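These notes concern the structure reproduced below.
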Amino acid sequence: MDTISVAAARRAEAVGRTVRLCGWVRTRRDSKGGFSFIELNDGSCQGNVQVVAAGELPNYEDVVKKLKVGASVAVEGEVKASPAKGQATEVHATKVDLLGDADAETYPLQKKGHTYEFLRTIAHLRPRTNTFGGIARLRHQVSMSVHQFFDERGFFYIHTPIITASDCEGGGELFRVTTIDPDKPPKKDGRTDYTQDFFGKPAYLTVSGQLQVEAFACSLGKVYTFGPTFRAENSNTPRHLAEFWMIEPEVAFADLSDNMNLAEAFLKRIVGDALAKCDEDLKFFAERVDKGLFDRLNAITAQPFLRVSYTEAVDILTKAGKTWEFPVAWGSDLQSEHERFLTEQHFKQPVILYDYPRTLKPFYMRVNDDGKTVRAMDVLVPGVGEIIGGSQREDRLDVLETRMKEQGLHPEGYSWYADLRRYGTVPHAGFGLGLERTLLFLTGMANIRDVIPFPRTPGNAEY
RNA sequence: UCCCCUGUAGCUCAGCGGUAGAGCAGCCGGCUGUUAACCGGCGGGUCGAAGGUUCGAAUCCUUCCGGGGGAGCCA
């Protein structure tokens with residue numbers, strides 16, 4: 001007898017097969033006719049399979065009629081076409097084994113809906129719900145799409161380090177990595193002596209693999225990194241995590257226009273794959289979470305992204321006739337309200353903003369000929385705002401070093417990075433995409449803590 | 001980190017100076033294939049914590065802790 005998944009058992013092709021199924025009870029309904037319906041889910045898909053358990057089963061009264069939500073069972077039986085509405089198939093059980101009971105008095109999940117806030121307090125059990133099972137499957141699909149997209153285009157997957165001594169952006173809050181005993185640190189001249197630390201100097205969790213992946217772009221041509229990144233910012237918002245996953249491609253011999261083309265194709269591929277392969281889960285999110293989900297996703301694949309320069313965007317915003325909480329002026333950064341207005345109200349579609357003032361962007365972005373702007377780009381999408389940030393990199397050694405000093409960085413700390421310009425420098429470009437922000441966009445979920453298995457945020461590192 | 005809102009039964013909430021309530025879940029019973037099944041009954045809470053005001057505090061005040069929304073920063 002084959003053991004098959006719930007997903008397989010729900011397909012019409014399974015009718016006639018005698019199979020074994022294992023999963024968790026979502027609900028049990030006892031019929032007036034002296035038998036029971038068990039909704040079984042094993043996480044393989046959004047839907048449940050309906051198991052019909054006859055009153056004649058030897059353990060019907062003792063076990064079947066006492067099955068609780070959350071109990072794990074193994075079922076053997078024949079898959080048949082369902083005579084009733086609601087499902088294509090059902091399994092007529094010849095055997096129902098209870099694997100693990102779930103005490104109904106204490107099991108926190110009910111048949112009814114729960115708030116996301118409550119489910120966050122039981123993060124180890126929430127993947128058993130429709131919503132979080134669907135998010136996990138979508139997260140998997142997006143990850144696979146990332147690798148397939150780049151592999152098909154000849155990119156190499158580079159494993160950049162998690163522990164690093166360089167601080168990519170020159171600012172930002174970092175998590176320190178140390179083996180020094182915090183209660184009795186070694187001292188030198190009154191300060192902690194990091195020469196005695198594990199790495200012989202201060203080390204941190206990475207905030208980005210960009211600098212290291214650039215080294216591989218400048219040798220293998222087309223590369224990407226995809227891994228966890230860490231920010232110790234004390235930001236409590238529905239869009240920030242202390243630990244999140246980021247995808248960062250980097251391409252040699254590419255300029256900002258190539259970079260925009262890549263970013264657009266990449267987003268279209270991810271959304272297109274999700275639409276094609278996660279239809280059942282997306283329908284669930286469209287029904288329960290975000291009514292406008294399919295319109296929003298289809299808008300990604302349907303048309304080219306608009307490309308608007310920062311200067312044009314500032315012009316649009318100043319002429320919009322709106323009162324902004326933060327004033328709009330050339331040279332100041334665009335705020336959330338401005339980005340959301342552009343993509344959600346003015347253009348009503350994804351838009352790529354580019355050529356930002358040099359004072360607003362990090363040292364590694366290539367300075368344009370006007371001297372005032374850099375070849376930066378941000379991809380804005382309705383519902384989320386900024387989802388991708390990237391740039392063409394500064395490939396001229398002298399300009400790079402000038403920009404480092406401009407931003408108060410010590411070029412000595414980046415000598416290996418400067419070497420990429422010192423020896424055989426090439427134009428190159430890349431971007432970063434936050435996996436969780438992509439999932440917010442794909443599912444319509446409102447809080448980033450609900451699209452990662454175990455969220456890490458200020459004051460919260462449970463599980 | 002700042003501003004606003006909020007914390008009452010396992011869950012979702014009502015009560016907002018006079019001594020604790022509903023729906024759902026749970027338990028028991030009923031019901032000729034059910035679809036968040038339905039119908040009847042029962043049990044369940046030191047009202048986030050600590051102080052304070054008051055004859056009396058879930059209710060008013062203070063502080064702290066948790067949660068949510070917005071902002072900053074960003075992905």
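Small disclaimer: the values here were computed from a predicted structure and weren't measured. By convention in this document, chain letters (A, B, ...) are assigned in the order of the sequence lines, proteins followed by strands, and residues within each chain are numbered from 1.
Both distances falling under 3.5 Å, in either a Watson-Crick or a G-U wobble arrangement, place B:rC38 opposite B:rG30. Nucleotide B:rA22: paired with B:rU12 (Watson-Crick or G-U wobble, both distances less than 3.5 Å). With both pairing distances under 3.5 Å, B:rA49 is matched to B:rU63 as a Watson-Crick or G-U wobble pair. Pairing for B:rU1 is with B:rA71, a Watson-Crick or G-U wobble pair whose two hydrogen-bonding atom distances lie under 3.5 Å.
Nucleic acid contact class of A:Y107 (heavy atoms, under 4.0 Å, all strands): none. When heavy atoms are screened at a 4.0 angstrom cut-off, A:R449 is found touching the sugar-phosphate backbone but no base atom. Residue contacts shown for A:K66 are absent, as no nucleic acid heavy atom lies under 4.0 Å away. Base engagement by A:N236 is indicated by at least one non-hydrogen atom pair under 4.0 Å involving a base atom. A:A84 comes within contact range of at least one nucleobase, with a heavy-atom separation under 4.0 Å. Residue A:E337 is classed as having no contact, given no heavy-atom separation below 4.0 Å to the nucleic acid. Counting any heavy atom pair closer than 4.0 Å across all strands shown, A:F244 reaches a base atom. Nucleic acid contact class of A:P83 (heavy atoms, under 4.0 Å, all strands): base. Contacts of A:S31 with the nucleic acid, taken as non-hydrogen atoms under 4.0 Å apart, involve only primed sugar atoms and P, OP1 or OP2. When heavy atoms are screened at a 4.0 angstrom cut-off, A:L241 is found touching base atoms of the nucleic acid. At the heavy-atom level, A:E248 lies nowhere under 4.0 Å from the strands shown. Nucleic acid contact for A:T237: base, since at least one base atom lies under 4.0 Å from a heavy atom of the residue.
Look at CZ on A:R340: it is 17 Å from P on B:rC74, rounded to the nearest Å. For the pair A:F326 CZ and B:rC73 C1', the computed distance is 11 Å after rounding to whole Å. The CG atom of A:L205 sits 16 Å away from the C1' atom of B:rA75 (whole-angstrom rounding).
Checked by distance alone, A:R437 brings a side-chain donor or acceptor within 3.5 Å of a matching partner on the base of B:rC74. In terms of polar N and O atoms assigned as donor or acceptor, the side chain of A:E117 never comes within less than 3.5 Å of the base of B:rU6 in a complementary pairing. You won't find any donor-acceptor pair under 3.5 Å spanning the side chain of A:H114 and the base of B:rC11, going by distance alone.
For the atom pair A:M260 CE and A:I352 CD1, the distance stands at 6.0 Å (nearest 0.5 Å). A:Y224 contributes atom OH, which lies 13.0 Å from atom CD of A:E248 (distance to the nearest 0.5 angstrom).
Of the candidates B:rC27, B:rU35, B:rC74, B:rC74 carries the atom nearest the A:H240 side chain, counting heavy atoms from C-beta on. Of the candidates B:rG26, B:rG10, B:rA75, B:rG10 carries the atom nearest the A:Q110 side chain, counting heavy atoms from C-beta on. With B:rG72, B:rU1, B:rC27 as the candidates, the nucleotide lying closest to the side chain of A:K68 is B:rC27. Side-chain proximity of A:S235 to B:rU34, B:rG26, B:rC73: nearest is B:rC73. Here B:rG67 is the nucleotide among B:rG72, B:rC74, B:rG67 with the atom lying nearest to any side-chain atom of A:R120.
Put simply, A:R29 has a side-chain N or O that comes within less than 4.0 Å of OP1 or OP2 on B:rA37. Between A:T121 and B:rG67, a side-chain N or O to OP1/OP2 separation shorter than 4.0 Å is absent. In this model, the phosphate group of B:rA36 is not approached by any side-chain N or O of A:R26 to a distance below 4.0 Å at OP1 or OP2. Close to B:rG72, at under 4.0 Å from its OP1 or OP2, lies a side-chain N or O of A:Q335. Applying the 4.0 Å criterion to OP1 and OP2 of B:rU12, one finds that A:T115 has a side-chain N or O inside that range. One finds a side-chain N or O of A:S336 lying less than 4.0 angstrom from the OP1 or OP2 phosphate oxygen of B:rG72.
Annotation for A:F156: atom CZ does not count as buried by contact number, only 12 or fewer foreign heavy atoms lying within 6.0 Å. Residue-environment remark: NE2 (A:H124) exceeds the threshold of 12 foreign heavy atoms within 6.0 Å.
When the P atom is used for both B:rG23 and B:rC38, the distance is 14 Å, rounded to whole Å. Distance noted for atom C1' between B:rC16 and B:rG72: 35 Å (whole Å). When the C1' atom is compared between B:rC3 and B:rG45, the two are found 34 Å apart, to the nearest whole Å. Taking the P atom of each, B:rC47 and B:rU59 are spaced 9 Å apart, rounded to whole Å. Taking atom P on both nucleotides, B:rU63 is separated from B:rC2 by 13 Å, rounded to a whole Å. When the P atom is compared between B:rA22 and B:rG40, the two are found 15 Å apart, to the nearest whole Å. Separating the C1' atom of B:rU6 from that of B:rU12 is a span of 14 Å, rounded to the nearest Å. Nucleotides B:rC55 and B:rG26 place their P atoms 47 Å apart, quoted to the nearest Å.
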Go through the steps to decide whether A:E39 and A:F37 satisfy the test side chain to side chain contact (heavy atoms under 4.5 Å, CB included), and finish with yes or no. CA-CA 7 Å; A:E39 292 285 340; A:F37 298 96; 5.8 Å; no
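Here the closest heavy-atom approach between residue A:K68 and residue A:A102 is recorded as CB-O, 3.3 Å.
By the 4.5 Å heavy-atom criterion applied to side chains, A:S36 and A:Y60 are counted as neighbours.
A:R403 forms no cation-pi arrangement with A:Y364, by the criterion of a distance under 6.0 Å to the ring centre and an angle within 45° of the ring axis.
In this structure, a donor-acceptor pair under 3.5 Å is present between the side chains of A:N368 and A:T373.
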